[in-house]
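Just so you know, ligand 1 is whichever comes first in the structure, and atom 1 is the first atom listed for that ligand. Being a predicted model, the structure only gives us computed values, none of them experimental. Heavy atoms only: backbone and side chains are in, while hydrogens, waters and symmetry mates are out.
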Amino acid sequence: MTADEMKKQAAYAALEHIDTDGVVGVGTGSTVNHFIDALATIKHKIEGAVSSSIVSTKRLEAHGIHVFDLNEVSGVAVYVDGADESNHFLQLIKGGGGALTREKIIAAASKKFVCIADESKLVDVLGKFPLPVEVVPMSRSYIAREIVKMGGQPVYREGFITDNSNVIIDVHGWTIMEAIKLETELNALVGVVTNGLFAARPADVLLLGSESGTKTVYAK
Ligand code: 5RP
């Protein structure tokens with residue numbers, strides 16, 4: 001079974017967590033693309049979606065699923081999104097696709113966060129995957145110097161502009177033992193829009209596609 005087949009398996013399993021008659025929060029990435037295709041099979045049962053990126057919005061609309069602005073809805077019952085890494089507390093690294101800020105906003109506004117991934121994404125310690133940090137362009141060098149002081153190795157994601165017209169620094173070399181602390185410290189740097197640690201608001205449930213079927217993981 002390929003990683004993509006495992007992603008698809010987890011994505012379809014997420015349908016069981018969808019509240020019908022409500023608005024569904026939708027993340028971004030290859031796993032979420034499968035989820036959007038799955039959601040299309042029950043589109044007559046949902047009110048619509050809120051989307052974390054232009055690319056997900058286009059895919060949802062191509063399926064005929066109405067996309068609301070988050071400001072138009074009173075709340076989101078369930079948010080479904082992928083991850084680059086998850087630890088056993090369901091604290092995540094996200095932002096490999098660069099959509100971290102809108103993803104974090106929808107996750108914060110949602111009652112339940114269902115994370116979908118292939119089983120390789122579950123790790124004991126976060127940090128092997130470089131941590132994305134979205135920054136206002138003029139703050140890029142300043143933030144990079146601050147990250148070096150914090151022990152990280154910042155790498156500018158060249159040629160990439162986020163949906164919010166900002167840039168991304170990917171931070172290598174961190175072994176992240178205190179994810180909430182690091183998330184808070186990074187967000188306190190002036191110029192940081194947000195960072196890809198989803199620790200203060202972790203996932204509520206993790207669905208992992210695997211050779212032996214979808215595994216449901218709850219926080220330790
Ligand atoms: C995008 C993300 C994605 O959820 C993350 O990169 C995982 O992507 P994929 O489903 O393609 O493995 O955070 O910003």
Could you list the donor-acceptor pairs under 3.5 angstrom formed by side chains in residues 25-35, with sequence neighbours left out?
unit_1, atom_1, unit_2, atom_2, d
Thr28, OG1, Ser52, OG, 2.7
Thr28, OG1, Ser53, OG, 2.7
Ser30, OG, Lys7, NZ, 3.0
His34, NE2, Asp4, OD1, 3.0
His34, NE2, Asp4, OD2, 3.2

Looking only at side chains, do [X] and [Y] share a donor and an acceptor under 3.5 Å apart?
X      : Y      : result
Asp69  : Asn71  : yes
Glu183 : Asn195 : no
Gln9   : Thr214 : yes

- Which bit of Ala83 is near ligand 1, meaning a heavy atom under 4.0 Å away: side chain, backbone, both or neither? backbone
So if I count the atoms of ligand 1 from 1 in the order they appear, which ones are less than 4.0 Å from some heavy atom of [X]?
X     : result
Thr28 : 1 (C), 2 (C), 3 (C), 4 (O)
Ala99 : 14 (O)
Gly97 : 1 (C), 6 (O), 14 (O)
Lys7  : 9 (P), 11 (O), 12 (O)
Thr31 : 9 (P), 10 (O), 12 (O)
Gly98 : 14 (O)
Gly82 : 4 (O)

Identify, for [atom], the protein heavy atom at the shortest distance, and state residue, atom and that distance.
atom                    : result
atom 12 (O) of ligand 1 : Lys121 NZ, 2.8 Å
atom 4 (O) of ligand 1  : Lys94 NZ, 2.9 Å
atom 9 (P) of ligand 1  : Ser30 OG, 3.3 Å
atom 1 (C) of ligand 1  : Glu103 OE2, 3.1 Å

- Message: Tell me whether Gly95 reaches ligand 1 (any heavy atom closer than 4.0 angstrom to a ligand atom).
- Response: yes
- Any side-chain heavy-atom pair from Ile116 and Asp81 closer than 4.5 angstrom? no
- Hydrophobic cluster mates of Leu189, side-chain heavy atoms under 4.5 angstrom, ILVMFWY only, any path? Ile93, Val123, Leu126, Phe129, Leu131, Val133, Val135, Tyr142, Ile143, Ile147, Met150, Tyr156, Ile161, Val167, Ile169, Val171, Trp174, Ile176, Leu182, Leu186, Val192, Leu197
- Task: Tell me which one of Ile93, Asp84, Asp81 gets a heavy atom nearest to atom 7 (C) of ligand 1.
- Result: Asp84
- Item | Short N-O contact, Lys149 and Glu146, less than 4.0 angstrom | yes
- Query: Charged N to carboxylate O under 4.0 angstrom, Lys121 versus Glu85?
  - Reply: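 Not counted as a salt bridge, because no side-chain N and carboxylate O are separated by less than 4.0 Å.
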- Item | Aromatic Tyr79 / basic Lys112 pairing, under 6.0 angstrom, 45° off normal |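 Negative - Lys112 is either too far from the ring of Tyr79 or too far off its axis.
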